Amino acid sequence: MQTIAWQISLVLMTLVAFGFAFVAIKSGRRQADYTPLQKSAYRLRTRLFWALVLVFGPAMIYTLLELPYDAVRAHPGSGPVQVVEATGYQWRWELSTDRVAVDQPVEFRVTSADINHGFGIYDADLHLVAQTQAMPGYTNTLRHTFSKAGTYKILCMEYCGVAHHNMLTEIRVGGE
Ligand code: CUA
């Protein structure tokens with residue numbers, strides 16, 4: 001049993017030695033041998049790059065169009081601009097008015113009295129319709145035209161302390 005094991009390993013070691021010798025002899029021609037492989041790898045890489053561009057390019061544009069940043073362009077509305085001054089405090093919102101008309105552009109002038117807050121307007125189904133940041137010492141202008149009447153919620157979208165979740169108010173669109 002011992003001799004058979006020894007003979008088998010001797011054969012295997014010989015094969016490994018031949019393998020090394022083969023690689024050593026062939027290594028002189030390495031550059032020439034790898035060129036076609038290198039070329040096809042580069043070709044594959046180029047194809048992969050364009051596949052990514054073709055897939056992610058339109059996907060990126062599509063997802064950007066879905067964002068409510070430019071909602072004013074999607075619903076231009078008509079009539080005079082209604083101005084709502086909005087100020088964030090820890091932890092409440094103060095609005096100059098909580099009523100606006102439907103189908104008429106609204107300009108929210110959003111700022112903060114203390115730290116950064118997120119000003120997010122949500123419809124009755126809690127879908128975000130428009131948002132901007134409320135920053136101390138700076139006024140962000142957010143234009144939006146509400147195309148549907150109803151009660152909208154304004155929630156803080158940025159964690160701003162223990163009672164962050166209490167930072168909500170409502171704005172009525174349309175109605176009597
Ligand atoms: Cu203000 Cu969160």
Side-chain angles (χ1 to χ4, degrees), residues 37-176:
L37 186 68
Q38 208 173 36
K39 266 188 189 152
S40 72
Y42 283 159
R43 221 176 305 135
L44 188 70
R45 197 171 63 177
T46 310
R47 276 191 205 144
L48 190 66
F49 171 76
W50 284 111
L52 287 175
V53 167
L54 288 174
V55 170
F56 284 101
M60 192 176 71
I61 291 163
Y62 176 74
T63 49
L64 282 176
L65 287 176
E66 286 295 294
L67 288 175
Y69 295 154
D70 248 358
V72 66
R73 227 180 278 169
H75 307 283
S78 57
V81 174
Q82 315 164 81
V83 173
V84 179
E85 312 271 355
T87 309
Y89 297 84
Q90 279 172 309
W91 291 276
R92 66 195 160 87
W93 291 108
E94 229 173 67
L95 303 178
S96 59
T97 176
D98 57 0
R99 301 202 118 190
V100 291
V102 74
D103 283 330
Q104 204 173 303
V106 182
E107 184 175 296
F108 292 95
R109 295 182 187 158
V110 183
T111 188
S112 167
D114 37 49
I115 60 167
N116 270 9
H117 301 278
F119 182 85
I121 306 170
Y122 294 80
D123 67 11
D125 301 321
L126 282 184
H127 289 135
L128 183 66
V129 297
Q131 64 96 28
T132 190
Q133 206 172 22
M135 301 151 74
Y138 192 85
T139 301
N140 275 314
T141 304
L142 173 68
R143 289 187 195 90
H144 183 70
T145 301
F146 295 93
S147 54
K148 266 199 327 204
T151 303
Y152 289 71
K153 281 191 163 58
I154 291 165
L155 305 179
C156 184
M157 300 177 76
E158 190 172 325
Y159 183 72
C160 56
V162 286
H164 154 76
H165 57 276
N166 278 346
M167 258 187 98
L168 55 98
T169 189
E170 288 182 346
I171 188 159
R172 291 267 303 275
V173 176
E176 69 282 2

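Numbering of ligands and ligand atoms starts at 1, following listing order. Treat the numbers as computed from the prediction; the structure is a model and nothing was measured.
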TODO: Could you give me the CA-CA distance, side-chain angles and deciding distance for H117 and V110, then say whether side chain to side chain contact (heavy atoms under 4.5 Å, CB included) is met?
DONE: CA-CA 10 Å; H117 301 278; V110 183; over 6 Å; no
Open item on the list: Does W93 form a side chain to side chain contact (heavy atoms under 4.5 Å, CB included) with T87? I'd like the steps, not just the answer.
Closed with: CA-CA 6 Å; W93 291 108; T87 309; over 6 Å; no
TODO: Could you list the residues that satisfy side chain to side chain contact (heavy atoms under 4.5 Å, CB included) with H165, not counting sequence neighbours?
DONE: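 So H165 forms no side chain to side chain contact (heavy atoms under 4.5 Å, CB included) with any residue.
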- [ ] Using 2.8 Å as the cut-off, note every protein N, O or S atom close to atom 2 (Cu) of ligand 1.
- [x]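 Result, waters dropped: C156 SG, E158 O, C160 SG, H164 ND1.
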TODO: Tell me yes or no: between the side chains of E107 and Q82, is some donor less than 3.5 Å from an acceptor?
DONE: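 Judged by distance alone, the side chains do not pair up.
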Open item on the list: Restricting to non-hydrogen atoms, name the atom on G88 and the atom on M167 that form the minimum distance, rounded to 0.1 Å.
Closed with: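 Looks like CA-CE, 4.1 Å.
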Open item on the list: Please determine whether side chain to side chain contact (heavy atoms under 4.5 Å, CB included) holds for the pair R109 and E85, giving the CA-CA distance in whole Å, both sets of side-chain angles, and the decisive distance to 0.1 Å.
Closed with: CA-CA 5 Å; R109 295 182 187 158; E85 312 271 355; 3.8 Å; yes
